[in-house]
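Just so you know, ligand 1 is whichever comes first in the structure, and atom 1 is the first atom listed for that ligand. Keep in mind that the numbers below use all heavy atoms, side chains included, and drop hydrogens, waters and symmetry copies.
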Amino acid sequence: MSLGFQLTKVIGQVKELERYPLYEPFAYASIVQDENTGDIIYVLDEIELNPTERQVYEELRRIVMLELPPPEELSKVGDVKNYLLNELKKIVGRYRRLFRNVPPSSFAKFLYYMERDLLGYGPIDALMRDENIEDISCDGVGRPIYVFHRKYESIPTNIVPMTDEALDDLVVKLIHMSGRHVSVATPIVDAQLPDGSRIAVTYRREVSPGGSTFTIRKFRKKPLTFTELVRFGNISAEIAGYFWVMLDNGRSFLVLGVTGAGKTSFLNAMATFIRPHMKIITVEEVPEINLPHKNWVRLVTRQSYGAEKINEITLFDLVKATLRMRPDYLIVGEIRGEEAYVLFQAVNTGHSGLSTMHAESFEAAVNRLMSPPMNIPPAYIPAMNIFVMIKRVKIGGRLTRRVTEVGEVYMDDSGKIRFNTVFRWNPRNDTHESYVKNSILVNQISEMTGKDVDEVLREIEVRTRIVRWMVENGIFDFEDVSRYVQMYYANPDKVLSQVMGKVSEVEVADQV
Ligand SMILES: Nc1ncnc2c1ncn2[C@@H]1O[C@H](COP(=O)(O)OP(=O)(O)OP(=O)(O)O)[C@@H](O)[C@H]1O
Ligand SMILES: [Mg+2]
């Protein structure tokens with residue numbers, strides 16, 4: 001397989017923008033820019049095998065493949081690398097003849113390639129190790145693999161699948177690693193890789209005339225937290241404070257934006273505001289949402305293998321099932337079809353619902369919700385209290401994300417769906433303008449709880465201060481952030497006195 005993927009040489013005048021290790025001392029990322037065209041390229045600088053080494057390696061790989069237990073069992077071995085090294089030593093002992101022409105120094109390289117090809121993701125293994133990469137996509141044979149880099153956006157790499165066979169093999173391998181199956185009969189498969197990343201493939205030239213394709217959305221081990229979103233300027237501390245109070249009072253929201261805008265990440269960050277012992281059910285096609293809550297049931301759809309889709313369990317089936325499971329909060333990863341109707345039924349019968357949907361604007365979202373296949377009656381829509389718009393925007397030449405609008409949904413006297421803007425991003429000075437004082441939901445919560453409107457507004461202010469304090473004190477890690485939220489629910493005075501600076505760090509740390 002490795003022969004079929006080439007690391008092409010970058011030609012022309014280039015300068016290196018940065019270089020960082022992916023797997024020392026074998027693989028590095030080198031980001032270069034073409035001085036003439038300005039194009040940026042991601043160059044995988046991976047230790048090479050010379051022709052003799054390559055021959056030996058291919059033979060070695062063949063032997064190891066025959067002798068090693070299958071990957072599922074291998075993954076149960078504790079220290080796999082050590083295990084491989086031992087296997088390698090045994091093989092060297094047994095097949096001395098094979099290694100006549102290579103120096104002992106080649107073994108480290110063989111081990112690297114064995115780990116890469118047998119345990120890892122093969123020719124894209126180094127890319128999977130790069131934390132800066134969000135997406136990896138392969139568009140077909142003979143074309144460079146593209147990555148979506150946090151800093152440089154969508155850029156080509158120097159990795160090119162040269163043959164159909166090599167690319168097909170990689171796609172089969174990736175899907176097998178996900179415990180799924182891909183074939184000419186079922187050439188389109190969505191799956192989840194062992195590390196949690198999402199993968200979508202098309203196989204051979206069945207539906208993609210340019211050859212097999214794959215797109216990987218890499219998994220982030222720890223979800224982004226609301227303090228990180230504030231630090232990046234994606235939201236203001238007050239937006240976080242507002243959502244904290246809204247979620248605490250069981251309000252629902254829908255996050256809108258285009259593919260990859262950061263909808264799921266935003267939803268996940270906000271969901272950590274939910275009170276610790278509330279019953280939460282998440283329904284997803286691929287498990288992405290990660291919550292600190294204990295009273296949490298995760299449901300994931302099941303795809304069917306046969307053409308009749310007999311054993312398939314869809315989002316619609318699962319969302320329907322959750323209504324009998326009495327969740328306080330129902331989180332549907334993304335709504336696309338008829339499951340939306342059930343979610344809106346749920347929020348109209350007293351449940352809180354959080355979800356995301358592809359849409360470019362509030363109006364487009366409402367249109368989509370009211371049209372087939374969702375068919376939501378207009379009167380149902382306001383129960384999804386808050387709509388959030390996320391956009392990828394360019395600020396000072398850099399692409400970043402901003403929540404551009406937060407609107408509260410209501411129906412006017414003529415029966416039209418309207419939005420009351422509570423936050424709007426101002427691109428001129430990159431700030432979030434607040435209109436929280438005009439919030440309809442604050443009024444609603446006041447009526448519901450018997451608190452004054454001012455009291456609810458003050459609660460938003462207090463929680464905004466806590467969020468700001470957390471940001472200023474470098475509390476960004478998922479577990480730490482969740483702990484502070486939980487502590488606030490359990491003992492608000494304790495957190496407040498810390499935020500107001502009356503109790504020393506050490507004392508509170510002891511109490512956490
Ligand atoms: N505010 C952010 N800052 C940095 N990275 C982010 C941010 N939000 C999301 N990301 C990253 O961007 C990628 C896409 O994010 P996410 O899955 O949340 O988007 P999405 O809008 O839900 O996408 P899709 O439409 O595919 O469901 C992920 O790799 C995620 O880690
Ligand atoms: Mg998403």
Return yes when [X] approaches ligand 1 closer than 4.0 angstrom through a heavy atom, no otherwise.
X: D135; answer: no
X: T356; answer: no
X: G260; answer: yes
X: R198; answer: yes

So which protein heavy atom does [atom] come closest to, and at what separation?
atom: atom 31 (O) of ligand 1; value: R220 NE, 3.0 Å
atom: atom 5 (N) of ligand 1; value: R401 NH1, 3.1 Å
atom: atom 27 (O) of ligand 1; value: E334 OE1, 3.8 Å
atom: atom 9 (C) of ligand 1; value: S265 OG, 3.2 Å
atom: atom 14 (C) of ligand 1; value: R217 NH1, 3.6 Å

Output all residues satisfying side chain to side chain donor-acceptor pair (under 3.5 Å) with [X], sequence neighbours left out; order by chain, then residue number.
X: T227; result: T225
X: R143; result: none
X: E16; result: S30

Original post:
Number of protein N/O/S atoms less than 2.8 Å from the Mg ion (ligand 2)?
Top reply: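 With waters ignored, the protein N/O/S count below 2.8 Å is 1.
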Is ligand 1 under 4.0 Å from a heavy atom in the side chain of [X], in the backbone, in both, or in neither?
X: F232; value: side chain
X: N234; value: side chain
X: E228; value: neither

Between [X] and ligand 1, does any nitrogen or oxygen pair lie at a separation below 3.5 Å?
X: G262; answer: yes
X: A261; answer: yes
X: R150; answer: no

**OP:** Please determine which of V286, T259, I136 meets the side-chain contact (heavy atoms from CB on, under 4.5 Å) test together with R217.
**Re:**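 One option only clears the test, and that one is T259.
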Subject >> The single option from Y329, F243, F387, F273 passing ring pair (Phe, Tyr, Trp, His ring centres under 6.0 Å) against F253 >> reply: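 Testing each of Y329, F243, F387, F273 against F253, the sole residue satisfying ring pair (Phe, Tyr, Trp, His ring centres under 6.0 Å) is F243.
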Original post:
Do we see a donor-acceptor contact under 3.5 Å between the side chains of D135 and S137?
Top reply: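 No pair is found: no donor N or O on one side chain lies under 3.5 Å from an acceptor on the other.
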**OP:** Out of K263, R402, R392, indicate the one that has the non-hydrogen atom closest to atom 25 (O) of ligand 1.
**Re:**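 The nearest heavy atom belongs to K263.
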